[in-house]
Amino acid sequence: MPEITVAITSHNLQAYISQCLDELLNQTFQNFDILIYDDCSTDRTREILARYGSEYPEKIHIILGKTPLGSPALSRNAILDSNQIDGRYLVFLDGDDTLQPNF
């Protein structure tokens, strides 16, 4: 079980989501998993998420929304209701956040 689940909301973030995920994957602390809720992106975000999910299947888990929720708060609630949080602690990020290596 990971110590931390990092929950990320995304919607049409093709320009930012790779940087966010790369910065997370290169953290000095590695005992975490990543749970991403994508709120029906219409750009290349889902394609990018699929690539990361297949490259890091043990670390990155993706929930693809079927109906647009329209707000990060509702996307966070969907993550909380997903029963996929494995970490002892939970941290919420948005898919366009940037992080220092020792976050």
Side-chain angles (χ1 to χ4, degrees):
M1 172 163 76
E3 188 72 10
I4 300 168
T5 292
V6 179
I8 300 174
T9 59
S10 73
H11 176 73
N12 289 344
L13 294 176
Q14 71 180 15
Y16 307 100
I17 194 71
S18 292
Q19 179 180 349
C20 180
L21 292 173
D22 288 342
E23 289 175 356
L24 267 174
L25 292 166
N26 289 304
Q27 289 294 302
T28 55
F29 180 84
Q30 285 291 309
N31 189 7
F32 65 90
D33 66 345
I34 301 168
L35 180 56
I36 304 166
Y37 183 89
D38 183 72
D39 190 22
C40 300
S41 290
T42 57
D43 63 359
R44 290 185 50 246
T45 299
R46 287 187 171 201
E47 177 185 326
I48 294 165
L49 293 177
R51 188 184 70 220
Y52 276 89
S54 66
E55 192 171 335
Y56 301 95
E58 72 292 341
K59 191 115 174 147
I60 298 176
H61 312 283
I62 302 163
I63 303 169
L64 299 175
K66 294 180 182 9
T67 306
L69 299 176
S71 84
L74 294 175
S75 295
R76 288 184 188 103
N77 287 341
I79 290 169
L80 290 172
D81 294 338
S82 73
N83 293 320
Q84 294 187 45
I85 299 169
D86 294 327
R88 184 172 168 201
Y89 300 101
L90 178 64
V91 173
F92 280 108
L93 296 176
D94 294 320
D96 59 353
D97 287 342
T98 59
L99 306 167
Q100 295 298 314
N102 61 350
F103 171 72

Taking atom OG1 of T5 and atom CD of Q84, what is their separation to the nearest 0.5 Å?
10.0 Å

Compare every heavy atom of T42 with every heavy atom of N12, then report the nearest pair and how far apart it is.
OD1-N, 2.6 Å

Which heavy-atom pair separates K59 from Q30 by the least distance, and what is that distance?
NZ-O, 2.6 Å

Sole candidate of L24, T98, T9 that passes side chain to side chain contact (heavy atoms under 4.5 Å, CB included) when paired with L93:
L24

Are S71 and R76 side-chain neighbours, meaning at least one heavy-atom pair lies under 4.5 Å?
no

Donor-acceptor contact below 3.5 Å, side chain E23 vs main chain L99
yes

side-chain hydrogen bond (donor to acceptor under 3.5 Å, both in side chains), that's the test. Do N77 and Y37 meet it? Break it down for me.
CA-CA 10 Å; N77 287 341; Y37 183 89; over 6 Å; no

Between I62 and A50 the two heavy atoms that sit nearest each other are CD1-N, 4.1 Å

Drop me the distance from I8's CD1 to I17's CD1, to the nearest 0.5 angstrom.
5.5 Å

Decide whether D33 and Y56 meet the rule of one side-chain donor and one side-chain acceptor closer than 3.5 Å.
no

Kindly check if the number of other-residue, nucleotide or ligand heavy atoms within 6.0 Å of CD (Q100) is above 12?
no

How about CZ on R51, more than 12 heavy atoms from neighbouring residues, nucleotides or ligands closer than 6.0 Å, or not?
yes

To the nearest 0.5 Å, how far apart are OG in S75 and CG in L80?
11.0 Å

Count I, L, V, M, F, W, Y as connected when their side-chain heavy atoms are under 4.5 Å apart, and connections chain through other members. Are L64 and L35 then in the same cluster?
no

Closest contact, heavy atoms only, L13 versus S10
CD1-CA, 3.8 Å

Are L21 and L49 side-chain neighbours, meaning at least one heavy-atom pair lies under 4.5 Å?
yes

In sequence, state the C-alpha distance, the side-chain angles, and the governing distance for Y52 and I36, and then conclude on side chain to side chain contact (heavy atoms under 4.5 Å, CB included).
CA-CA 11 Å; Y52 276 89; I36 304 166; over 6 Å; no

Tell me whether I63 is reachable from L90 by hopping between hydrophobic residues (I, L, V, M, F, W, Y) whose side-chain heavy atoms are closer than 4.5 Å.
yes

What pair of heavy atoms forms the shortest contact from L69 to L74, and how long is it?
O-CD1, 3.3 Å

Side chain to side chain contact (heavy atoms under 4.5 Å, CB included) between I4 and F29, worked out:
CA-CA 10 Å; I4 300 168; F29 180 84; 3.8 Å; yes

Quick one: CD on E3 to CG on D86, what's the gap to the nearest 0.5 Å?
12.5 Å

Could you tell me whether the side chain of D43 and the main chain of Q14 form a donor-acceptor pair under 3.5 Å?
yes

Closest non-hydrogen atom pair between F103 and Q27, with its separation:
N-OE1, 2.8 Å

Greater than 12 external heavy atoms within 6.0 Å of F32's CZ:
yes

